[in-house]
Peer 1: 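First the structure, which I've put down as structure tokens, then a few questions once you've had a look.
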Protein chains: 2
Amino acid sequence: MTMTEAQHAYVDRVATFFTMFGSARAWAEILGWLMICEPAERTQAEIAADLGLSAGTVSTQLRTHVQLGMVEQVRVRGDRTQRYRLRSGAWYGVMASELERIRALGDLARAGDDILPRDRPERVTELGDLADFFAREWPPLMERMAAELDPSPSETRI
Amino acid sequence: MTMTEAQHAYVDRVATFFTMFGSARAWAEILGWLMICEPAERTQAEIAADLGLSAGTVSTQLRTHVQLGMVEQVRVRGDRTQRYRLRSGAWYGVMASELERIRALGDLARAGDDILPRDRPERVTELGDLADFFAREWPPLMERMAAELDPSPSETRI
DNA sequence: CAATGCTTTCAGGCATCGTTGAAATATGAC
DNA sequence: GTCATATTTCAACGATGCCTGAAAGCATTG
């Protein structure tokens, strides 16, 4: 499958967006392409050819996508080559994993308990209270989100 | 004011944390130090001396803190020198500004409407639905947060 | 088991960004 | 107005990280 002009433009838009937040260009292009390519499953070699990236770059950046849980390896029936695709619920997973970062922020705030400044201690405690608040609110929020977005997050078949 | 061992350890912990997410070391150290220094208001020269950073670095990184809304310039009564301090509600502001990023994600998803893949279009639409969900949930969440964390986010005086 | 194609690894080149030190500018004190 | 001090700007150095191209490693096919 060869890329249309509109598809190229979209990949570029996604790539530009995530690059602004510090992602590697190739990482972001692969993400954008895996969002819209057809079929959804692709080999590394195809991705490299489609986007004009070297095989090494695709290998490296695709691995980080897999580690982050955005992309999964699949085997297409009849074909034994390794293929990759955007995970169903990929975006959902990103939001769900926010809870870990919230907790880490709470730990960071509590680590300052020993040296709380007398002058405006809320500089530290505010962060802790904030983390506690989100740690409480996040799980029910995620449940509402799951209920609303996809009543049955079923496994996609090929 | 000279830094104690414990204070130094805390600044380092904060700096290590934010550096992991790609922040510049000096940026993160300044943030950590402004969280716990006493008094809370400090000049650039003091920060540079306290942390062992060059004046230029402090100037640059402090500006980004100000632009991000984490730090504000203040004038202490009696003293005419420029001082900086962590803004009251700084952490709150970070969370509140998330709404903009959520909206940007929604725009990104909608930009893909023209080229929705027939095969598994949810790769794109899921992101849009997610953004819509958060765009709806975020404002009331922020209100609850404001109510719970600080009933009166009054301006801090010197 | 040979051949082919795909993937991984890695050294080197390139670009970007953070930091410094010094010079220029601005600000406040006298 | 002049001096002293604080801040900003900027060129240059250094470090970090991305990307490539090539070589090595796997795996599937005939």
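Lettering follows sequence order; numbering is per chain, from 1.
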Peer 1: Listing request: all salt bridge (charged side-chain N to carboxylate O under 4.0 Å, His left out) pairs with a residue in residues 90-103 of chain A, at least two apart in sequence or in separate chains.
Peer 2: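 Found A/E98-A/R101.
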Peer 1: Across nucleotides 10-20 of chain D, 5' to 3', mark each nucleotide with B, S or - according to how protein heavy atoms within less than 4.0 Å reach it.
Peer 2: --------SSB
Peer 1: Please report, to 0.1 Å, the donor-acceptor pairs under 3.5 Å made by any side chain of residues 104-115 of chain A, with sequence neighbours excluded.
Peer 2:
residue : atom : partner : partner atom : Å
A/D107  : OD1  : A/R110  : NH2          : 3.3
A/R110  : NH1  : A/D132  : OD1          : 3.3

Peer 1: Without decimals, in angstroms, what is the distance between A/Y84 OH and C/dC6 P?
Peer 2: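 That distance rounds to 13 Å.
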Peer 1: Do any side-chain nitrogens or oxygens of A/R42 fall under 4.0 Å of OP1 or OP2 in C/dC6?
Peer 2: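 Checking A/R42 against C/dC6: no side-chain N or O falls below 4.0 Å of OP1 or OP2.
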Peer 1: Tell me: CG of B/L31 to P of C/dG18, nearest whole Å?
Peer 2: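 Checked: the CG to P distance equals 16 Å.
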Peer 1: What is the distance, to the nearest angstrom, from the CD atom on B/Q44 to the C1' atom on C/dT25?
Peer 2: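 In whole Å, C/dT25 C1' and B/Q44 CD are 14 Å from each other.
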Peer 1: Can you find a pair of side-chain heavy atoms, one from B/M35 and one from B/L86, that are under 4.5 Å apart?
Peer 2: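 Touching, per the 4.5 Å side-chain cut-off.
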Peer 1: Go through residues 10-18 of chain A and report each residue with a non-hydrogen atom lying under 4.0 Å from DNA chain D, sorted by number.
Peer 2: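 Residues of residues 10-18 of chain A under 4.0 Å from DNA chain D: none.
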Peer 1: Can you check the B/Q82 CD to C/dT25 C1' distance for me, whole Å?
Peer 2: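 Those two atoms, CD and C1', are 15 Å apart.
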Peer 1: Determine the contact category for B/A55: base if any of its heavy atoms lies under 4.0 Å from a base atom, sugar-phosphate if only primed atoms, P, OP1 or OP2 are that close, otherwise nothing.
Peer 2: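 Since a base atom lies under 4.0 Å of B/A55, the category is base.
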Peer 1: Compare the minimum distances between each of D/dT7, C/dT8, D/dT9 and the side chain of B/R63, then state the nucleotide with the smallest one.
Peer 2: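 Closest nucleotide to the B/R63 side chain: D/dT9.
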Peer 1: What residues, two or more places apart in sequence or in another chain, satisfy ring pair (Phe, Tyr, Trp, His ring centres under 6.0 Å) together with A/F133?
Peer 2: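 Checked A/F133 against ring pair (Phe, Tyr, Trp, His ring centres under 6.0 Å); zero matches.
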Peer 1: Keeping to residues at least two apart or across chains, list the salt bridge (charged side-chain N to carboxylate O under 4.0 Å, His left out) pairs with something in residues 15-32 of chain B.
Peer 2: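 Salt bridge (charged side-chain N to carboxylate O under 4.0 Å, His left out) check on residues 15-32 of chain B returns B/D12-B/R25, B/R25-B/E29.
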Peer 1: With A/R63, which residues qualify under salt bridge (Lys or Arg N to Asp or Glu O under 4.0 Å), at least two apart?
Peer 2: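 So A/R63 forms no salt bridge (Lys or Arg N to Asp or Glu O under 4.0 Å) with any residue.
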Peer 1: In whole Å, what is the span from the CD atom of A/Q73 to the P atom of D/dA27?
Peer 2: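 Rounded to whole Å, this separation is 12 Å.
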Peer 1: Salt bridge (charged side-chain N to carboxylate O under 4.0 Å, His left out): which pairs involve residues 15-24 of chain B, sequence neighbours left out?
Peer 2: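 Qualifying pairs: none.
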Peer 1: Would you say the side-chain atoms of A/T57 and A/S54 include a donor-acceptor pair closer than 3.5 Å?
Peer 2: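 Looking only at side-chain atoms, A/S54 and A/T57 do form a donor-acceptor pair, the distance falling under 3.5 Å.
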Peer 1: Please round to the nearest 0.5 Å and tell me the distance separating atom CG of A/L141 and atom CH2 of B/W138.
Peer 2: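 These two atoms lie 7.5 Å from each other.
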Peer 1: Drop me the distance from B/R42's CZ to B/Q44's CD, to the nearest 0.5 angstrom.
Peer 2: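 If we round to the nearest 0.5 Å, B/R42:CZ and B/Q44:CD are 13.0 Å apart.
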Peer 1: Name the pairs: protein N/O against N/O of nucleotides 14-16 of chain C, kept only if under 3.5 Å.
Peer 2:
none

Peer 1: Just by distance, do the side chain of B/E38 and the backbone of A/R118 share a donor-acceptor pair under 3.5 Å?
Peer 2: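 Yes, the answer is positive, given that a donor and an acceptor are paired below the 3.5 Å cut-off.
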Peer 1: What residues, two or more places apart in sequence or in another chain, satisfy salt bridge (Lys or Arg N to Asp or Glu O under 4.0 Å) together with B/E126?
Peer 2: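 B/E126: no salt bridge (Lys or Arg N to Asp or Glu O under 4.0 Å) contacts found.
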Peer 1: Round to the nearest Å and state the distance from A/H65 atom NE2 to C/dT8 atom C1'.
Peer 2: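 Going from A/H65 (NE2) to C/dT8 (C1'), I get 17 Å.
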Peer 1: Would A/R83 and A/E46 count as a salt bridge (Lys or Arg N to Asp or Glu O under 4.0 Å) here? Give the steps.
Peer 2: CA-CA 10 Å; A/R83 291 182 174 277; A/E46 285 169 351; 3.2 Å; yes
Peer 1: Provide, to the nearest angstrom, the distance between the CG atom belonging to A/L62 and the P atom belonging to C/dC6.
Peer 2: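 Between P of C/dC6 and CG of A/L62: 15 Å.
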Peer 1: Quick one: which residue pairs count as a ring pair (Phe, Tyr, Trp, His ring centres under 6.0 Å) with a foot in residues 45-70 of chain A, not counting sequence neighbours?
Peer 2: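 Found A/W27-A/H65.
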Peer 1: Taking five pairs at each end of the helix from C/dC1-D/dG30 to C/dC30-D/dG1, what angle separates the two helix axes (nearest 10°)?
Peer 2: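 Axis angle across the helix from C/dC1-D/dG30 to C/dC30-D/dG1, nearest 10°: 30°.
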Peer 1: Separation of B/R83 atom CZ from C/dG28 atom C1', in whole Å?
Peer 2: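 Computing the B/R83:CZ to C/dG28:C1' distance gives 13 Å.
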